[in-house]
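Have a look at the structure below before the remarks.
Counting convention: from 1, in listed order, for ligands and their atoms alike. Along the sequence shown, residues are numbered consecutively beginning with 1.
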Amino acid sequence: MADNITFTMIKPDATAAGHTGKIIDKIIGSGFSIRAMKWTRLSKEDAEKFYAVHRERPFFGELVEYMSSGPIVAAVLEKNNAVEEYRKLIGATDPAKAEAGTIRALFAKSISANAVHGSDSNENAAIESAFFFSAREFA
Ligand code: CMP
């Protein structure tokens, strides 16, 4: 499994607050290259499928409502050891616990409106990238 690719979404809170450009700037400034990117919106069904692994969690309904509430930016990022490096860059899921200077510490509002998603494994990076992008959309 490739270890140089991760998948991210800039979430509805961050696109609505006008943070998209600043977040992309920070991603590129931290040494990631963009392999694919799109501005789009998830339907409830899309969000349910994307987050199916969390289906049994108490916050699943809230997560699906929230992720389909506005536009997102989906992107595939490349860097050596991309999954781990990107998780360091975005910080802890709960922005209150995210290290200073991380994307979530800078831009997130709450544990559900937490500015960005980042894949948690190489396997999920490949699955999540394929959810949004066809092979033709990679550059
Ligand atoms: P993400 O990295 O996109 O993966 C799953 C998401 O579920 C996570 O970010 C959070 O936004 C959300 N999440 C995790 N825990 C909670 C929680 N306790 N309450 C609400 N949302 C949560």
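E123 contributes atom CD, which lies 10.5 Å from atom CD of E128 (distance to the nearest 0.5 angstrom). A distance of 8.0 Å separates OH in Y51 from CG in L42, rounded to the nearest 0.5 Å. To the nearest 0.5 Å, atoms CD (E85) and CG (N4) are separated by 12.5 Å. Rounding to the nearest 0.5 Å places CZ of F50 at 16.0 Å from CD of E45.
Nearest protein neighbour of atom 9 (O) of ligand 1, counting heavy atoms only, is K11 NZ, 3.1 Å. For atom 10 (C) of ligand 1, the nearest non-hydrogen atom of the protein is I111 O, 3.2 Å. Closest to atom 18 (N) of ligand 1 among all protein heavy atoms lies F59 CD2, 3.8 Å. Scanning the protein for heavy atoms near atom 6 (C) of ligand 1, the closest one is L63 CD1, 3.8 Å.
Not a single heavy atom of M67 lies less than 4.0 angstrom from ligand 1. Ligand 1 has R104 within reach: a non-hydrogen atom of the residue lies less than 4.0 Å from it.
In summary, the aromatic rings of Y86 and F7 are positioned with their centroids too far apart to meet the 6.0 Å limit. F60 has its ring centre no less than 6.0 Å from the ring centre of H54.
Taking the charged nitrogens against the carboxylate oxygens, E99 and K88 have no contact shorter than 4.0 Å, which rules out a salt bridge.
Near S112, meaning under 4.0 Å from one of its heavy atoms, ligand 1 places the atoms 11 (O), 20 (C), 21 (N). Set against the non-hydrogen atoms of H54, the atoms of ligand 1 under 4.0 Å away are 5 (C).
Any N or O atom pair closer than 3.5 Å counts here, and Y51 shares at least one such pair with ligand 1. For a threshold of 3.5 Å applied to N or O pairs, the pair formed by E62 and ligand 1 contains no separation below that value.
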